[in-house]
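The structure appears below as structure tokens.
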Amino acid sequence: MPELPEVETIVRELRPRLVGRTVTRPRLHATDVLRGVSRGRLLATLRTNRIVEVARRAKHVVLRLASGHRVVIQPRMTGSLIVYGRRLRPDERRYIVLEASLGGQRVLVFRDVRRLGTVWLLDEAGWRSYTARIGPEPLAADFDLARFAACLRGTRQAIKKVLMDQRRIAGVGNIYANEALYRARVDPSLPADQLSPRARRRLHAAVLSVLREAVAHRGTTLRDYRTGTGEHGEHQTALAVYGRGGEPCLRCGTRLTTTHAIDGRATTFCYRCQGRT
DNA sequence: ACGAGGTCCTGCGAGC
DNA sequence: TGCTCGCAGGACCTCG
């Protein structure tokens, strides 16, 4: 499930393969992924347009075109964005949502088994309002403790839910919220406005270090996630809590607990290490 | 402001 | 073996 580190990995691999290329032949195989744009307008805009920038915002891949439009793709749960330099095998063609031929054999493919992913086409004004609704980037140089504290201010919601709220902080999903809370020894159910200054400082550091390590590992592949070149990430073996419910805590040996009490999503934590502080 | 629950979507594994 | 069912869950929605 692509979160910030996975999308960052995708973008880093797509960038040198896409920037400067012109879309010769766009094809759309499913229309239910489109948001705010018709099939005809998306294809007409892509055709003969040049990709001038590939960027990440939160968990979204942003392709800026020479026309000034941006194609924004959210892979969500099962989406992948891969550049191929060869013809695809029939099994690789399954679940393709959008493909953009780029001349020669090169083709950008957006594949999404469950089609929970979305594709937007935005002009300059549309992009400004789109990005304005998303919180700050946690890996940006200016995301210091004060900015993090501001993200948590004014809500009594569980800290885990707040970490995953894209309007407050960009790019953190279920896996890395679990991991960061464990690393910081913070109770996931603690109301966000009740974190002590020390706990807030630990959590700020943990969010940054967890995300940076996952980026260095090119993301976490549990099932569907692939990098921009179709490879697996390597961070899954480094997870301390996600998917480890019932197994021993790496710090104290206590059996890790999994609940669905926070927003109905799997939360795995150590009852002993992550007490209320 | 908040929590609960529904919606989208398909593959997979558990249970019978 | 073959069927049904619940779950995976990010982002969005409505309702109370």
Side-chain angles (χ1 to χ4, degrees), chain A residues 1-10 28-37 56-62 72-81 91-98 110-120 122 126 129-135 137-138 150-181 187-195 207 211 214 219-226 233 236 239 241-246 258-269:
Chain A
M1 47 213 77
E3 302 181 25
L4 186 155
E6 288 75 29
V7 177
E8 179 64 26
T9 301
I10 290 169
L28 184 71
H29 302 279
T31 53
D32 55 356
V33 300
L34 298 180
R35 296 291 183 278
V37 62
R56 178 188 61 76
R57 175 73 171 113
K59 307 171 188 176
H60 317 160
V61 176
V62 184
V72 179
I73 299 175
Q74 286 189 267
R76 296 254 183 111
M77 294 297 296
T78 57
S80 63
L81 265 168
D91 64 291
E92 290 171 329
R93 295 207 59 83
R94 280 194 83 186
Y95 309 116
I96 290 182
V97 168
L98 176 68
F110 175 44
R111 182 187 290 112
D112 189 356
V113 172
R114 273 152 64 182
R115 290 203 315 286
L116 290 174
T118 53
V119 176
W120 298 71
L122 301 171
S129 72
Y130 188 95
T131 191
R133 287 192 290 270
I134 304 171
E137 290 288 335
C151 294
L152 309 187
R153 200 163 293 147
T155 178
R156 290 185 293 280
Q157 293 197 51
I159 181 63
K160 176 166 180 259
K161 188 174 158 89
V162 172
L163 281 182
M164 293 171 62
D165 186 340
Q166 299 303 296
R167 293 165 300 185
R168 290 183 173 270
I169 306 170
V172 179
N174 201 34
I175 292 176
Y176 300 111
N178 275 296
E179 295 295 314
L181 288 161
D187 178 351
S189 67
L190 190 69
D193 63 356
Q194 285 181 30
L195 263 76
V207 167
L211 293 175
T220 300
T221 297
L222 296 174
R223 179 175 297 175
D224 298 288
Y225 162 66
R226 296 292 182 276
Q236 53 279 4
L239 298 176
V241 284
Y242 186 88
R244 293 193 65 242
T258 297
T259 76
H260 290 79
I262 302 168
D263 212 28
R265 308 231 165 92
T267 300
T268 303
F269 66 106

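Residue numbers begin at 1 in each chain, while the letters A, B, ... track the order of the sequences.
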Within the 4.0 Å heavy-atom criterion, would you say [X] contacts the bases, only the backbone, or no part of the nucleic acid?
X: A/R265; answer: base
X: A/D112; answer: nothing
X: A/E3; answer: nothing
X: A/R35; answer: nothing

Between A/R114 and A/Q157, who's closer to the 5' end of DNA chain B by nearest nucleotide? A/Q157

A/R168 vs A/D263, nearer the 5' end of DNA chain B by closest nucleotide: A/R168

Looking only at side-chain N and O atoms, does A/T155 come under 4.0 Å of OP1 or OP2 in B/dC2? yes

Would you tell me if any nitrogen or oxygen in the side chain of A/H60 comes within less than 4.0 Å of OP1 or OP2 on C/dG10? no

Output the single nucleotide from [options] whose closest atom is nearest the side chain of [X].
X: A/R76; options: B/dC12, B/dC9, C/dA11; answer: C/dA11
X: A/R156; options: C/dA11, B/dA1, B/dT10; answer: B/dA1
X: A/Y95; options: C/dA11, B/dT10, B/dC12; answer: B/dT10

Between [N] atom [atom2] and [X] atom [atom1], what is the distance in whole Å?
X: A/D165; N: B/dC2; atom1: CG; atom2: P; answer: 10 Å
X: A/D224; N: C/dG10; atom1: CG; atom2: P; answer: 13 Å
X: A/R167; N: B/dC2; atom1: CZ; atom2: C1'; answer: 12 Å

Side chains of A/E3 and A/Y225 only: does a donor on one sit below 3.5 Å from an acceptor on the other? no

Do the side chains of A/D32 and A/R115 get close enough for a salt bridge, i.e. N-O under 4.0 angstrom? yes

Step through it carefully: locate the ring centre of A/H60, locate the ring centre of A/Y130, and say whether they are under 6.0 Å apart. yes

